Amino acid sequence: MGSFTDRLKSFFGIKKAVSPELFDELADLLVEGDFGAAAAYKVSDTLRSKCKKESDPDQVKQTLAQLLEESLPDASSVTLDSGLEIILLLGVNGVGKTTTSAKLASRYRSQGRKPILAAADTFRAAAVDQIKIHGERLGIRVVAHKQGGDPAAIVFDAIAAAQSGGGDLIIADTAGRMHTKNALIEELKKIDRIIASKAAGAHTRRWLVLDATTGRNALAQAQTFHDAIALDGVVLTKYDSSARGGIVFSLHEELKLPVLFICTGEQYGDIAPFDPHRYVYEFVGIV
Ligand SMILES: Nc1nc2c(ncn2[C@@H]2O[C@H](COP(=O)(O)OP(=O)(O)OP(=O)(O)O)[C@@H](O)[C@H]2O)c(=O)[nH]1
Ligand SMILES: [Mg+2]
């Protein structure tokens, strides 16, 4: 785990007296850990009033963990419908969309789904090859066109492939460029129209991929995408690379967006459903 967790651990570890300053220091530390300032002070103020008569820093830490856990929704286990599901992975450049699409395809296949990868990133030159390599390694079908094609047309073909070949899950890897709001909306509207006309009963999910190492910037990205197209949830990547983690609380508190999966490496297995209890206890350093 990253250095932030280590600092939080040592913050409680050096057995300082439980004093008013402790809570101010804690608020500062939470801000460093990517909490928004208002949320950090709210947590530390609530903690201060709950721990008025407390003299054991371990107990304060425990109460902090409880408070943080209560502030998150229950584990948002993603149960897919039994019919055709279409997951659109969105996000800016380099956050891990392509890797995550392969991880999700592999994960859902191991749960009995029949996934198809749709190479809807037609923008970047090497993107189609990158996803094809994943498909070959995993033995999962990839539907792709040439670079510069129309993402909606690829989704169309992926639906056709699913309908003729028994696929029941399409995972679409989209282009990693920060669209203008209007272009993004138009592109998704077109995809929505294609889905409505070709697979009316399909369930579409819009998941934003965020790089945990980008800190508060990830929240700004989420805000932009969410304003433009109403997201269903977030996949947080690169949590293995010194993530500070407070972003999860902000996503929920400020945008009401659940974190669905956390990715902790480059291997296909490095993805797990978000578990609020485990997350909070690791964040605070109780393991
Ligand atoms: N450490 C770590 N690296 C990751 C993780 N997820 C993705 N990466 C790496 O991040 C880099 C970018 O991943 P991609 O999947 O290509 O990201 P992308 O969003 O598709 O990028 P573009 O298509 O260029 O926008 C690659 O080197 C991945 O191996 C993760 O959870 N942990
Ligand atoms: Mg990509």
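Read the numbers this way: they start at 1 and go in the same order the structure lists the ligands and their atoms. Scope of the values below: all heavy atoms of this structure, side chains included, with no hydrogens, waters or symmetry mates. All figures in this text were calculated on a predicted structure; none of them were measured in a lab.
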Tell me which part of [X] gets within contact of ligand 1: side chain, backbone, both or neither, using heavy atoms under 4.0 Å.
X	result
Asp240	side chain
Lys103	side chain
Ser241	side chain
Asp121	side chain

*Considering residues at least two apart in sequence or located in another chain, which fulfil the side-chain hydrogen bond (donor to acceptor under 3.5 Å, both in side chains) criterion with Glu253?*
Lys42

*asked:* Tell me whether ligand 1 is touched by Asn93 - counting only heavy atoms on the residue side and a distance under 4.0 Å.
replied: yes

*Is the distance from the Mg ion (ligand 2) to the nearest N/O/S atom of Thr99 under 2.8 Å?*
no

_Pair listing, ring-ring contact (aromatic ring centres under 6.0 Å, His included) test, anchored in residues 190-214, at least two apart_ = Trp207-Phe261

*Given side-chain hydrogen bond (donor to acceptor under 3.5 Å, both in side chains), test Asp173 with Thr98 step by step and report yes or no.*
CA-CA 6 Å; Asp173 175 34; Thr98 304; 2.8 Å; yes

_Below the 3.5 angstrom mark, is there an N/O of Lys238, backbone or side chain, next to an N/O of ligand 1?_
yes

*ligand 1 N/O within reach of Thr100 N/O, cut-off under 3.5 Å*: no

_Presence of salt bridge, Asp232 and Arg205, under 4.0 angstrom_ = no

_Between Lys189 and Glu186, does any NZ, NE, NH1 or NH2 come within less than 4.0 Å of an OD or OE carboxylate oxygen?_
yes

